[in-house]
Amino acid sequence: MPELPEVEVVRRGLERWVSGRTVGTVEVLHPRAIRRHTAGAADFAARLRGLRIGVARRRGKYLWLPVTGGGPAAQTAAEGIAPTVTTSVTHGLAVLAHLGMSGQLLVQPQDAPDEKHLRIRIRFDDTDTPVPDEAAGTELRFVDQRTFGGLSLHDTVPGDADQLPDAIAHIARDPLDPAFDDDAFHDALRRKRTTIKRALLDQTLISGVGNIYADEALWRSRLHYERPTAPFTRPRAAELLGHVRGVMAAALDVGGTSFDSLYVNVNGESGYFERSLDAYGREDEPCRRCGTPIRRRPWMNRSSYFCPRCQRPPRP
């Protein structure tokens, strides 16, 4: 599943190619792709038509496009819930994208052949909105082989500066967010009384970190994935956060990590960070630090990769 760097690469592409454009038509080609929009495909398409897309935003692994031009609380009204509208509080709207295991948001020329697993097509009306020459005549496509991902329209949290969709209000800020609170993260680690990799994958504690980058950050920190969080000192937590940010920044520089053709940016290009991984996917290969073969262990229906010498397990 894409993690923060991969989703951020897509967000940057959407900001360049899609933000500021007006939705012309929406075509839903598979019902599962809008299953989180409970009012259905026809409602999704009708509500988006004529709306202008704002600056693409992201929190952790979630990506959204704020839209303007619709009425307040349009989504709650569509779901049969009386909207809350006062003179001081209104709800904006946003298109929330979840890529799931194989979802892709692609910007393609309108005359490009349809992808085999094309699920949603969004065309733009650029009549009254100037767009860069490179974006003219393009459309946004949601392609998803496994149909675990999808798009949905949601209210935004009233007053939230990032126009956060209410459906993901519980998701914590991610470590690349300037508003991320390092001290609060350390305090939460101590309270959780769990193990460190479980904590890193807890999206209510810190978002955007998945299995790949957790293993990479733990390798850099010389921490075993089963290390308890309760004894973590503030400097140790700060060091770990520094490595989390470092590995994510390095991945962003090369477009993320792509192990197969399912993860690409909006132009269909793969990332190359898998060539720089130090732990994940390197079972039996020598540790780049000490030469000990990297080990893999089953962990929560996933795998954990670690160096048995550099990342010693905690004492029983």
Side-chain angles (χ1 to χ4, degrees), residues 1-6 60-61 172-177 180-254 256-259 263 271-316:
M1 181 176 290
E3 300 182 29
L4 185 156
E6 291 75 48
K61 306 175 188 179
R173 294 187 180 273
D174 63 65
L176 298 187
D177 188 328
F180 186 89
D181 190 328
D182 290 24
D183 289 336
F185 173 75
H186 170 254
D187 293 341
L189 272 186
R190 298 286 298 266
R191 290 194 304 269
K192 278 284 184 180
R193 296 190 176 275
T194 183
T195 54
I196 188 56
K197 186 171 178 179
R198 287 175 183 266
L200 288 177
L201 269 60
D202 183 344
Q203 301 297 296
T204 65
L205 178 63
I206 179 173
S207 67
V209 184
N211 203 42
I212 296 174
Y213 297 116
D215 280 358
E216 291 300 297
L218 292 172
W219 181 87
R220 292 187 180 196
S221 303
R222 297 173 182 258
L223 289 171
H224 192 273
Y225 57 92
E226 293 288 6
R227 179 72 64 89
T229 59
F232 260 66
T233 63
R234 199 170 298 276
R236 196 70 168 116
E239 179 187 0
L240 173 60
L241 279 175
H243 287 305
V244 170
R245 291 177 173 127
V247 72
M248 287 183 168
L252 273 171
D253 287 343
V254 292
T257 302
S258 300
F259 285 106
Y263 167 68
Y272 296 99
F273 191 65
E274 79 277 6
R275 301 176 185 178
S276 305
L277 293 173
D278 292 307
Y280 188 88
R282 299 190 65 243
E283 183 180 12
D284 295 331
E285 295 182 31
C287 172
R288 302 189 198 278
R289 202 161 35 215
C290 71
T292 303
I294 295 290
R295 290 183 183 172
R296 179 183 67 85
R297 291 290 182 268
W299 184 84
M300 291 182 63
N301 296 319
R302 301 178 176 93
S303 294
S304 280
Y305 294 85
F306 67 102
C307 172
R309 182 175 181 183
C310 296
Q311 299 168 264
R312 297 188 182 278
R315 296 174 181 175

Any donor-acceptor N/O pair, Asp215 side chain to Tyr305 backbone, under 3.5 Å: yes
Would you check if the distance from the ring center of Phe232 to the ring center of His186 is below 6.0 Å? no
Is it the case that the side chain of Glu239 and the backbone of Ser221 share a donor-acceptor pair, with hydrogens and angles ignored and the cut-off at 3.5 Å? no
Answer whether the closest heavy-atom distance between the side chains of Val247 and Arg220 falls below 4.5 Å. yes
If we only count heavy atoms from C-beta on, is the Leu223 to Gln311 side-chain gap below 4.5 Å? no
With heavy-atom distances below 4.5 Å as the criterion, would you say the side chains of Leu200 and Leu218 are in contact? yes
Arg289 side chain to Trp219 backbone, donor-acceptor under 3.5 Å: yes
Minimum-distance pair of heavy atoms, taken over all atoms of Val244 and Pro175: CG1-CG, 3.8 Å
Is there a donor in the side chain of Tyr213 and an acceptor in the side chain of Glu6, or the other way round, less than 3.5 Å apart? yes
Minimum heavy-atom separation for Lys197 and Asn211, please, with both atom names. NZ-OD1, 2.6 Å
Would you please test Arg296 and Ser303 for side chain to side chain donor-acceptor pair (under 3.5 Å) and show each step? CA-CA 6 Å; Arg296 179 183 67 85; Ser303 294; 3.2 Å; yes
Between Arg288 and Arg282, does the side-chain contact (heavy atoms from CB on, under 4.5 Å) criterion hold? Intermediate values first, please. CA-CA 10 Å; Arg288 302 189 198 278; Arg282 299 190 65 243; 3.4 Å; yes
Hey, can you tell me if Phe185 and Phe180 have their rings parallel, tilted or perpendicular (30° and 60° cut-offs)? tilted
Is a donor on one side and an acceptor on the other found under 3.5 Å between the side chain of Glu216 and the backbone of Asp278? yes
Donor-acceptor pair, Ser207 side chain versus Ala172 backbone, under 3.5 Å? yes
Given side chains that start at C-beta, do those of Cys287 and Arg309 come closer than 4.5 Å, heavy atoms only? no
Got a second to check how far Asp202's CG is from Thr194's OG1, nearest 0.5 Å? 8.0 Å
Donor-acceptor pair, side chain of Thr229 and main chain of Thr195, under 3.5 angstrom: no
Look only at the side chain of Arg295 and the backbone of Pro308, and say whether a donor-acceptor pair between them is shorter than 3.5 Å. no
Of all the heavy-atom pairs spanning Leu240 and Ala217, show the shortest one and how long it is. CD1-O, 4.3 Å
